[in-house]
Amino acid sequence: MTALTNLLDLDPAQLIAYCNELGEKPFRAKQLQRWIHQFGASNFEDMTDLAKSLREKLSGRAYVAAPAIISDHTSTDGTRKWLLDVGQGNAVEAVFIPEERRGTLCISTQAGCAVNCRFCSTGKQGFNRNLSVGEIIGQLWMAEFELRKSKGVEPGPKGERQITNVVMMGMGEPLLNFEPTVTALRLMLDDNAYGLSRRRVTLSTSGVVPMIDKLSQECPVALAVSLHASNDALRDSLIPLNKKHPLNELMAACKRYLEFAPRDFVTFEYCMLDGVNDTDQHAKELVQLVKNVPCKFNLIPFNPFPESGLTRSANPRIKAFAQVLMDAGVVTTIRKTRGDDIDAACGQLAGEVQDRTKVQERMKKMDEYKRKFGENFGKIVEVTR
Ligand code: SAH
Ligand code: SF4
């Protein structure tokens, strides 16, 4: 018996090829794709405009399934977080962040991460495995239709789209899981699937230089680069990958990327670590570093976890740091952390959930963190410019 095919694993071209193997015309693949990605259908019987014979063929050899939901929590600020089972005791997370005129989904691309940045709890758990296309796009598929269900919004193109933006800022380094990530990106952009504009899909990388170039050729979307340091010595100590791809190479890659990017700037993410990378001197050094790269800065207040031995810069320090950048003409925002009460902030995603029995433990741990770091753990006042 041949294994069943998960149709979420197939990009538009592959679905056409798959239908071709079944003796079906390309337009059938389009119909099928719309049922799956626009109506959230997983039962072939519901796909009423497909011939009965095709539906029967599909039932015998294919299925549509996203990773199973282990838990589903909504924060008091509306942020919703799903913990998803990707097998063998591994779990990843997807986080939905509602804002006034948009809904952003933060998705994961790997279980764990091999880059092992000093400030990241995903990195601390080591690398478990790459996610498949179905597991990556499945996060969007599941989240879009779960959100619609809870809000009573009908499926299909007529129902109001809940997810308008996607950021690959969850667990894992997307450029170290390149092919599945790009296939999932293609589905996000496809008009017969999610039809998101390239500008509304952001890939965040710790700086895998050759893959930044590859992305610019294969599927340029908005690019965010995790910078976190203003010189190589400091960056080497925070992001081991920097030893392989140092800052001058990274800056050059960003400039090259912009020739193909849907936006005319790169977003630099900068995690604010008390006493490590947050002085005015660092900010001034950054201004020099990026002077030839059109960019915006997004300062991320560090989300502490005890094993890191690091702490978050105080709010006034973050504001002063932002001011140095802004005075030099660099557009800078400070990320407001969201979903604190459900542990949904950056770098806290499923940090230790290699085993589902640990989920409860983790929830308890959040209380412990609050006791340790104070009630304001995870909270920051957004700076208005
Ligand atoms: N691997 C990719 C994308 C996932 S991490 C990358 O590194 O860019 C998404 C963002 O969260 C990155 O900018 C990362 O540096 C940041 N981050 C990781 N751990 C964090 C923490 N503990 N506090 C704040 N931001 C963190
Ligand atoms: Fe991996 Fe990104 Fe975490 Fe670094 S910050 S360990 S690259 S997920």
Side-chain angles (χ1 to χ4, degrees), residues 92-95 97 104-131 136 139 166-178 181 201-209 211-212 215 221-229 235-245 250 253-254 266-274 276-278 296-313 318 333-340 343-352 366 369 373 377-380:
V92 296
E93 289 183 333
V95 180
I97 305 147
T104 303
L105 186 72
C106 175
I107 63 173
S108 299
T109 54
Q110 298 180 313
C113 181
V115 180
N116 195 16
C117 299
R118 231 175 95 199
F119 47 83
C120 175
S121 67
T122 301
K124 288 285 158 288
Q125 73 165 267
F127 175 69
N128 298 317
R129 72 172 178 81
N130 282 324
L131 299 190
I136 300 173
Q139 296 168 61
V166 174
V167 294
M168 289 183 156
M169 294 186 184
M171 296 173 75
E173 170 47 58
L175 294 185
L176 292 180
N177 184 19
F178 191 82
T181 293
V201 178
T202 302
L203 183 144
S204 172
T205 179
S206 54
V208 193
V209 166
M211 293 300 164
I212 293 177
L215 185 70
V221 291
L223 184 69
V225 171
S226 296
L227 200 53
H228 308 316
R235 199 164 189 267
D236 284 351
S237 75
L238 294 173
I239 307 176
L241 188 75
N242 193 66
K243 295 187 192 120
K244 202 164 167 196
H245 305 296
L250 182 56
C254 290
V266 168
T267 302
F268 287 126
E269 296 161 278
Y270 198 95
C271 182
M272 299 299 292
L273 302 165
D274 183 32
V276 175
N277 65 356
D278 66 346
K296 284 187 181 168
F297 266 79
N298 195 354
L299 306 182
I300 313 174
F302 172 58
N303 289 301
F305 57 102
E307 302 87 327
S308 71
L310 298 161
T311 48
R312 170 188 296 178
S313 311
I318 300 180
T333 54
I334 298 178
R335 185 174 300 169
K336 189 175 167 190
T337 59
R338 299 277 305 256
D340 306 307
D343 204 359
C346 298
Q348 295 186 318
L349 301 187
E352 294 128 44
M366 194 63 194
Y369 286 179
F373 298 107
F377 173 68
K379 296 200 175 67
I380 181 120

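Start at 1 and go down the list; that is how both ligands and their atoms are numbered.
Partners of Gln110 according to the side chain to side chain donor-acceptor pair (under 3.5 Å) rule, which considers only residues two or more places apart in sequence or in another chain, are Asn130. Scored by the ring pair (Phe, Tyr, Trp, His ring centres under 6.0 Å) test, Phe297 finds Phe268 as partners (sequence neighbours excluded). Residues meeting the side chain to side chain donor-acceptor pair (under 3.5 Å) test with Thr267, sequence neighbours left out: none.
Of the listed residues (Gly170, Ser204, Pro304), the one carrying the non-hydrogen atom nearest atom 4 (C) of ligand 1 is Gly170. Residue Gly172 holds the heavy atom nearest to atom 1 (N) of ligand 1 of all those in Gly172, Cys113, Gly123.
By the criterion of a heavy-atom distance under 4.0 Å, the backbone of Thr205, and not its side chain, is placed next to ligand 1. Only the side chain of Ile300 comes within 4.0 Å of ligand 1, counting heavy atoms alone; its backbone N, CA, C and O stay farther away. With a 4.0 Å cut-off on non-hydrogen atoms, His228 touches ligand 1 through its side chain and not its backbone. Counting heavy atoms under 4.0 Å from ligand 1, residue Glu269 touches it through the side chain alone. Contacts between Cys271 and ligand 1, counted as non-hydrogen atom pairs separated by less than 4.0 Å, involve the side chain only.
Counting only heavy atoms from C-beta outward, the side chains of Leu227 and Arg235 approach each other to under 4.5 Å.
Pairing each heavy atom of Cys117 with each of Lys124, the nearest pair is O-NZ, 3.2 Å. Residue Asp278 comes nearest to Met272 through the heavy atom pair CB-CE, 3.6 Å, listed as atom of the first residue, atom of the second, then distance. Across all non-hydrogen atoms, the minimal contact from Ser204 to Glu269 is OG-OE1, 2.7 Å.
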Apply side-chain contact (heavy atoms from CB on, under 4.5 Å) to Asp236 and Asn242, showing your working.
CA-CA 5 Å; Asp236 284 351; Asn242 193 66; 2.8 Å; yes
Report the C-alpha distance between Leu241 and Glu173 in whole Å, list the side-chain angles of each, state the deciding distance to 0.1 Å, and finish with yes or no for side-chain contact (heavy atoms from CB on, under 4.5 Å).
CA-CA 11 Å; Leu241 188 75; Glu173 170 47 58; 5.7 Å; no
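Considering backbone and side-chain N/O atoms, Met168 never comes within less than 3.5 Å of an N/O atom of ligand 1. Annotation: Ser121 places no N or O atom under 3.5 Å from an N or O atom of ligand 1; distance criterion only.
Which parts of ligand 1 touch Cys120 is read off a 4.0 Å heavy-atom cut-off, strictly below it: atoms 18 (C), 19 (N).
In this pair, Phe119 and His228 present their aromatic rings perpendicular. The plane angle is above 60°, beyond the 30 to 60° band.
Note on atom 1 (Fe) of ligand 2: protein N/O/S atoms under 2.8 Å are Cys113 SG.
At distances below 3.5 Å, not a single donor-acceptor pair connects side-chain atoms of Asp274 with backbone N or O atoms of Thr311.
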